[in-house]
Amino acid sequence: MINDLRNLTIDEARELCVRMGEKPFRAQQIFSWLYKGKSSVQSVGEIVSLSAAFREQLENAGWDVGVLRVLAHQISAQDGTEKYLFELEDGNAVESVLMRYEYGYTVCVSTQAGCRMGCSFCASGLNGLVRDLTAGEIVSQVIDIMRNSRIKVNHVVFMGTGEPFDNYENVSRAVKILTEPQGTGMSARSITVSTSGIVPVIRRFGDDFPQVNLAISLHAPDDEIRRDIMPVAKAYPIKELISACDAYVEKTNRRVTFEYALIRGVNDSTECMHKLAELLSGHLAHVNLIPLNEVDETGLKSSGRGRAVEFRKYLETHGVPASVRRELGSDIDGACGQLRNRMQKQDQTNM
Ligand code: SAH
Ligand code: SF4
């Protein structure tokens, strides 16, 4: 395993420089070269503001830039959404998506290879968890996309494969690295982390990152339905989840996004619609209604866009702001939430 420079926070990079007999400000130089967006360096040797002797010293100690290998890259003919399949150092693969909006570019990153949460509608968790990604591997998805697609990324959403709050240490380190002013300089307000609802970590997150946005995969208005489709609900009932979200709002003054994928015959009844409005009215919330991406293995069907619009109208007339998510990259299986790891070679050729 290499020692990945992209895995270091700036404080750790300073410590490394000092340990190697260099001045701490060298860490700023390292960061500015590592995170130059489109022209980010890909090896220690390219960080030319460091002396040749220091670069050699770093290389001898096993330090390198953890660039990800692009195994596959698809571009949607419909809307320009791009999907990347990256190979990690140990041969595992993860997907990331680049989306274009009027207000700029958003990258959706994966935080784990696989996922242990086992939500019934989701492709990411079909084979359970393979392993956590390192912070460097999360950061690299953003940086390598900027470099490969030659664009500046404005927003990062942690909505790819994996449960960010099941890998909190590395996710929080990745947020710190991405928002370091000496590096990409991305603002915390342009980052969103989505969780299936691990309550104790939601509480910590509000303390640690009061400027980062929080999204909750709700997908049901009551515990009975939620436990059926999301096993995490057995550990953390909706009441506790909402109260952790209220605490986040209290601390941060930021609105929470609740994601709700409409699954035919499961969570799309008129009763569900009413219960959802009742649950969220009076909270600083926004509901993102998602027409389900159908995953063959699950047998679950989408309720259709029309039903999502009906939900939106009802919620809005009952004081709960809501929107229906645009389906980006549907021709390349590219929308967030339908990412899956394709680890076998024969699968990769079918992408
Ligand atoms: N594990 C985190 C983040 C990754 S999933 C979480 O669950 O929030 C990102 C989003 O996609 C979540 O809202 C998730 O519930 C949703 N999602 C998963 N499978 C989906 C599917 N088949 N159709 C639509 N959305 C889906
Ligand atoms: Fe994991 Fe999120 Fe998929 Fe649930 S929806 S299995 S938490 S990635």
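Here, residue 1 is the first one in the sequence, and each next residue gets the next number.
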Exercise. Check the pair His219 / Phe121 against ring pair (Phe, Tyr, Trp, His ring centres under 6.0 Å), numbers first and verdict last.
Key: CA-CA 10 Å; His219 304 311; Phe121 46 84; 4.8 Å; yes

Please determine, by modelled atom types, if [X] and [Y] share a side-chain donor-acceptor pair under 3.5 angstrom.
X      : Y      : answer
Glu240 : Ser243 : no
His155 : Thr192 : no
Thr81  : Asp79  : yes
Gln211 : Arg254 : no
Ser196 : Glu163 : yes
Tyr105 : Ser149 : no

Quiz item: More than 12 foreign heavy atoms under 6.0 Å from CZ of Arg189: is that the case here?
Solution: no

Exercise. Check whether more than 12 heavy atoms from other residues, nucleotides or ligands sit under 6.0 Å from atom NZ of Lys313, and answer yes or no.
Key: no

Is the closest basic N to carboxylate O distance between [X] and [Y] below 4.0 Å?
X      : Y      : value
Asp144 : Arg6   : yes
Arg173 : Glu12  : yes
Lys275 : Glu278 : no

Quiz item: Is the backbone N or O of Ala123 less than 3.5 Å from a side-chain atom of Glu297, with the two atoms forming a donor-acceptor pair by type?
Solution: no

Quiz item: Counting only N and O atoms by type, is there a donor-acceptor contact under 3.5 Å from the side chain of Asn3 to the main-chain atoms of Ala61?
Solution: yes

Less than 4.5 Å apart, any side-chain heavy atom of [X] and any of [Y]?
X      : Y      : answer
Val142 : Val156 : yes
Arg26  : Met20  : no
Phe311 : Leu276 : yes
Ile143 : Val67  : no
Ile216 : Leu241 : yes
Leu58  : Leu50  : yes

Quiz item: Could you walk me through whether His73 and Asn148 pass the side chain to side chain donor-acceptor pair (under 3.5 Å) check?
Solution: CA-CA 10 Å; His73 178 204; Asn148 275 287; over 6 Å; no

What are the two closest non-hydrogen atoms of [X] and [Y], and how far apart are they?
X      : Y      : result
Arg305 : Arg326 : NH2-CA, 4.4 Å
Met230 : Leu218 : SD-O, 3.6 Å
Asp166 : Ile198 : N-CD1, 4.1 Å

Practice problem: Please test Arg325 against Glu259 for salt bridge (charged side-chain N to carboxylate O under 4.0 Å, His left out), starting from the C-alpha separation and ending with a verdict. | Solution: CA-CA 9 Å; Arg325 185 190 279 176; Glu259 291 153 293; 3.4 Å; yes

Practice problem: May I have the step-by-step check of side chain to side chain donor-acceptor pair (under 3.5 Å) for Ser49 and Trp33, ending in yes or no? | Solution: CA-CA 9 Å; Ser49 58; Trp33 286 83; 3.1 Å; yes

Exercise. Evaluate the criterion salt bridge (charged side-chain N to carboxylate O under 4.0 Å, His left out) for residue pair Glu180 and Lys176; output intermediate values, then yes/no.
Key: CA-CA 6 Å; Glu180 169 53 49; Lys176 278 184 205 148; over 6 Å; no

Exercise. Take the angle between the ring planes of Tyr248 and Phe205 and call it parallel below 30°, perpendicular above 60°, tilted in between.
Key: parallel

Exercise. Before giving the answer on salt bridge (charged side-chain N to carboxylate O under 4.0 Å, His left out), spell out for Arg100 and Glu82 the whole-Å C-alpha distance, their side-chain angles and the decisive distance to 0.1 Å.
Key: CA-CA 9 Å; Arg100 284 154 217 266; Glu82 300 183 24; 2.5 Å; yes

Quiz item: With respect to Tyr260, which candidate in Asp268, Leu289, Ile290, Leu315 satisfies the side-chain contact (heavy atoms from CB on, under 4.5 Å) definition?
Solution: Leu289

Quiz item: In this structure, which one of Thr195, Asn167, Val193 forms a side-chain contact (heavy atoms from CB on, under 4.5 Å) with Phe158?
Solution: Val193

Quiz item: Do Arg131 and Glu137 pass the salt bridge (charged side-chain N to carboxylate O under 4.0 Å, His left out) test, and can you show the C-alpha distance, the side-chain angles, and the key distance before you say yes or no?
Solution: CA-CA 12 Å; Arg131 74 163 169 88; Glu137 288 166 339; 3.0 Å; yes

Quiz item: Step by step, would you call Tyr101 with Asn154 a side chain to side chain donor-acceptor pair (under 3.5 Å)?
Solution: CA-CA 10 Å; Tyr101 292 99; Asn154 312 89; over 6 Å; no

